[in-house]
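Read through the structure below, which is laid out as structure tokens, and then see the notes.
Only a predicted model underlies this, so the values are computations on that prediction, with no experimental measurement involved. In what follows, every heavy atom counts, from backbone to side chain, and hydrogens, waters and symmetry copies are set aside. Chain letters run A, B, ... following the sequence lines, proteins first, then strands; residues in each count from 1.
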Amino acid sequence: MKIAGDDVPLIGITDLSVGFTTRAGVVAPVLRNIGLVVRRGETVGLVGESGSGKSTLALVAMGYLKAGLRVLGGGVRFAGQDMLAGDGVAAIRGGRLALIPQNAGQALTPTIRIGAQIAEALRLHSTLPRADHAARVVELLARVRLPTPGALVTRYPHELSGGQQQRVAIAMALAGEPEALLLDEPTTGLDVTTQAHVLELLRDLAASSGMAMVYVSHDLGAVARVCARVAVMYAGEIVAEGSARQILRTPSHPYARGLIAAIPVLGEARLPVPLDGRPPAPGAVGEGCSFAPRCGLAEAGCLTARGALVPAPGGGVVRCRRADAAVRLPMRRDGALRLALEFDGGGGVLGLDAIAVSYARRSLWDQITRAPRDAAPVVDGITLTLRPGETIGLVGESGSGKSTILKSIAGLIGPLRGSIDLAGVALAPRVAQRDVGVLRRVQLIFQNPDESLNPRQTIAEILAQPLGLYFGLSGAALRARSIELLAQVRLGGHYLDRLPAQLSGGEKQRVAVARAFAADPDVVLCDEVTSALDVSVQAAVLGLLDDLRRERRTACIFVSHDLGVVRALADRVVVLYQGRICESGPADAVYGLPSHPYTEALLGAVLEPDPDHAPRLLAADIVEHGPPARGCAFQNRCHRRLGGICATDAPPAHEIGDGHVIRCHIPPATLAAAQAAP
Amino acid sequence: MLRLVLNRLLLGLVTVALASAIIFGAVEALPGDACVAVLQRDAVGQRLANCRHDLGLDRPALTRYLGWAAGAVQGDLGVSAGSGRPIAALLGERLRNTLLLAGLTLAVGVPLALLLGVLGGLRRDGALDIVLSTGGILAMTIPEFVSATVLIFVFSIWLGWVPGIVVAAPGAPLADFFPGIVLPVAVLTMVMTAHILRTIRSSVIEVMASDFVRMAVLKGVPYARIVWRHALPSALLPAINVIALTIAWLLGGVVVVEKVFNYPGLGRFMIDSITERDLPVVQALALLVASVYVGVNLAADLLTLLLDPRLRTHRAGG
């Protein structure tokens, strides 16, 4: 084996093509002519949407091909060692070159204790004497800032939270003292505050150890925070590469620009700019530029020649003939400002009065003995009024009870206390007790259209359900109405005879939206409806929901963990922590100052696709499995905690005007003063 | 954890108690009773009344059920209507014989099935996997009496290696069962191995494709250790329940095989008792089989609980 000098790149990928053979015998490339060099200590981001080949590329860099794939040409070298050769690759994997997987919860072996899994990496890749391994494991766990590392050693992976599992995976990767880390979407699926903490940890590791990092992500904010250099991937090829600043500030490729423009902005209620069309399927790429079919700037030449990576007007390199024109395409703050609706003084269309929900099932024994119900239900004290045509955003991290509130409105779980009314008429707690007319007026759209659409029904059959049930439509009238609904969600009538599997993720979610609006509802409940979608598709779905809201004045409760998405759509925002309302009010007021300390922490943790933006880590990164029995729900993580009163008394509701309410023991004026000072 | 175990135990006991009531009720619902069945044409007048009095059949059903249940708990299953001997003693010997047959089958079959299932799963669609899968389907679908007949023809008649039937007088020591037991064990092993093998194969395939196995590969863990340490503990979990069902099936009496090989086990005992309408024995056997099923499944649940840390810490009542 050669000893790599400074001139040999740590990771050198040259003209790499990877693909599979389809059933028809056609070779379909997944990666096409990839060239990428990572030098020692460099941090490189690989950015792209699902299907762009970025994860495949990261795995090939470790010499690992997903089942069915083979190398069509080119090579991968790590410090001079051929990673596709087989010999000597196992010694490098997990040692000099380590992977941090996307979903650590599934990537850690469930039947082996955490300490043993890290010790295994030490045994394989460390020169440390065996006797020192136990101490080293604890040291590694401490290095990734896990609390009580000594006690964690004997835990199993499932006993930890998602953020903790991710840290364990990082500790395991660090065991072999790697020269390079490959990170495959390491923070996807984590809460915003946890994500910010993990990213800071990775940044510090890169800076202190001189490790090179290849960071694979769809999240430009995360990449901006960690990477100095960025490569944008589309349809299996690198379409733009340059410094993070060049790519994020002055992107020269239409796709890169579109990707950035599609990210919602926190500061203003602006709809993100969607990217039309969908990426080509592997193997469906023609001779020309793979982005040309979706590109507004495409000209005849784009369809015939693919082009090479050439110096870009904005810096770096770009694979685009129209780069000079692309730099004038709209950017992130060019989306349309969201139009607010005028509300008349009339009553609300939906009202929640002091709703509390508990999932705890009372055992037979408890019911016989009449044992008291648990003191702290998962959701408590939720009072809301939704006006016609209004969108209320419910935000909070996982476990904040936001989806539970939706389920309770939809009647999927009966509330423990409190009442819900629909335009002044009390709603039965259970969906089975509600009559068809009431059911029609409240519709639910789910997070994942793959699971909410029946895979065996055509789109026509899916839409026929509400249309037949609520309006008794059939035959030609049914078909005409279905086509009308599809048109409203910007899908052609020819979609009627397709099955969900033949649609892209964004198209499926549009069908789910059409199904909800088929009922002509008064209230639509949206449960994380864009979190399973790519950012460009998300922008389109957000725009669609906003159009429907304006055209039909349908009221909406929009649940999301993404503060930017909520900002784009919501008139009013409710911030939840552990099932309790921390802050509520008009969106502009909630996103402005003063803020509840939890809102402050959430907003501080949001990442911007801007290399100069640094998140503020305010809330302690701990995981709570339930609300405290007394006092403020946020007391254990609060960075502005006053003291005893937070633990004993429920925080008072301070109204600051225009319905902006902060529930905190600190008076709003004090909060405002503290938050205005940097 | 302890609460969970106690919960399961209690549930098991309740199941057995319910089963006993259903068995008793079913036997009670049959036309005629043990005396009518045994005395047949003589089941009239004083003889019938005496018989009923001797067996206690003249008491109310509930009293008899409670008496029977209380006896069963203490190991007293009543007396056979046919021979008048205590059922516990008759059962004891048959149970011993069945345990021998089942034990040998398990001892051969389980390791074989585990080994072949894992190999088949690891070499998916390889030559060995195709042979095992095809052989497994054959072994499962060919009725036992056919495979038994073929084995007898080949190994005892044609080659003359082992006897085709088991010749053992009642009360004979276990040694008398050899070598006659070889062929019945072989037939049962074939059927059983096929079932377990297929479960393990598909579970190994699934686990080998999981994220954590891929992570272990990318961590540089040697292949043998990946299989042994990372994959198998998860992959073998589904097999536990299949093995438990197999054990219950073996202990519940493998009627056809016992009949073909003249093996004096529980299955033949059951058939003989039914033919003779010896209802107290049928009742006792049914209770025994029910208890075995509950017991074995309980053991499988507890074993899974022990091996899968994810189940163990599932907060009870959460």
Taking the inter-plane angle between the rings of B:Y65 and B:W68 on a 0 to 90° scale, is it parallel (under 30°), tilted (30 to 60°) or perpendicular (over 60°)?
tilted
Heavy-atom pairs under 4.5 Å with chain B are the metric here; pick the option from A:M172, A:R93, A:R123, A:M62 that has the most.
A:R93
Salt-bridge contact A:R136-A:E177 (side-chain N to carboxylate O under 4.0 Å)
yes
Quick check on the interface: out of A:K66, A:E120, A:Q117, who has the most heavy-atom pairs with chain B under 4.5 Å?
A:E120
Nearest heavy atoms of A:P101 and B:M215, plus distance in Å:
CG-SD, 3.7 Å
Using a 3.5 Å distance criterion without hydrogens, assess whether the side chain of A:Q164 forms a donor-acceptor pair with backbone atoms of A:E159.
no
Checking B:V221 against chain A: side chain, backbone, both or neither under 4.5 Å from a heavy atom?
both
Whatever's closer than 4.5 Å to a heavy atom in chain A on B:R229 counts as both
Portion of A:A121 that has a non-hydrogen atom of chain B nearer than 4.5 angstrom
both
Quick one: of B:L307, B:D211, B:L218, B:V213, who has the most non-hydrogen atom pairs under 4.5 Å with chain A?
B:L218
Region of A:L99 in contact with chain B, defined by heavy-atom distances below 4.5 Å
both
Kindly say whether B:A113 contributes a backbone atom to a donor-acceptor pair with the side chain of B:T193 at under 3.5 angstrom?
no
Where does A:R113 contact chain B at under 4.5 Å (heavy atoms): side chain, backbone, both or neither?
neither
Applying side-chain contact (heavy atoms from CB on, under 4.5 Å), run through A:M211 and A:L174 and close with a yes or a no.
CA-CA 10 Å; A:M211 273 183 296; A:L174 296 179; 3.7 Å; yes
Using modelled atom types only, decide if a donor and an acceptor are shared between the side chain of A:H125 and the backbone of A:A173 within a distance under 3.5 Å.
no
I'd like to know which of A:G95, A:G94, A:A90 tops the heavy-atom pair count under 4.5 Å against chain B.
A:G94
Given that the side chain runs from C-beta out, which part of A:L59 has a heavy atom under 4.5 Å from chain B: side chain, backbone, both or neither?
side chain
